[in-house]
Amino acid sequence: KKLGKKGETLSMFLGRAHSEPEPVYSMVDAHYALCRNEFIGAFKRHIPNCSESQYQWYFEFMLSLIVCFLTRNKPVIARYSMKSDWDVDDVTACLVAFCATGMAKEHS
């Protein structure tokens, strides 16, 4: 699977917006607030008994990883392996497992 041209453009936009100063950052952040709240809600359902700030940090850490992966996946692939080693579904599963392990480990 590939992101496609629209997916690549969106990932580059989100990567850039993530590091832009005001007012760009706040405009993009407000646009994706519903998505952010959905993720934080899922964290609360699956990792109970955290403080609100922990859930918010979990989201920020996860978002940073996703943005970095989406915007830098081509140079990372070129640095470490052959393209055939990087199936999108496998890499996504690895990213989810990495994030989930980090969040769960703190509360075990």
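Values below: every heavy atom of this structure, side chains too, minus hydrogens, waters and symmetry copies. Remember, it's a predicted structure, so these values are computed and weren't measured experimentally.
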So [Y] and [X], do their side chains get closer than 4.5 Å, heavy atoms only?
X	Y	result
Cys35	Glu38	no
Asp29	Arg36	yes
Glu52	Gln56	yes
Val28	Tyr32	yes
Ser64	Val67	no
Met27	Glu20	no

Distance check, rounded to the nearest 0.5 Å: Ser19 atom OG versus Leu14 atom CG? 11.0 Å

Say you draw a straight line from CD of Gln54 to CD1 of Ile40; how long is it, rounded to the nearest 0.5 Å? 12.5 Å

Exactly one of Tyr58, Phe61, Tyr55 should register a side chain to side chain contact (heavy atoms under 4.5 Å, CB included) with Met103. Which one does? Tyr58

With the 4.5 Å side-chain cut-off for hydrophobic clustering, are [X] and [Y] part of the same group?
X	Y	value
Met62	Trp57	no
Val91	Leu65	yes
Tyr25	Leu63	no
Ile47	Leu95	yes

If you count heavy atoms of other groups shown closer than 6.0 angstrom to CZ of Phe39, is the number above 12? no

Shortest non-hydrogen contact from Thr71 toward Gly15: CG2-CA, 3.7 Å

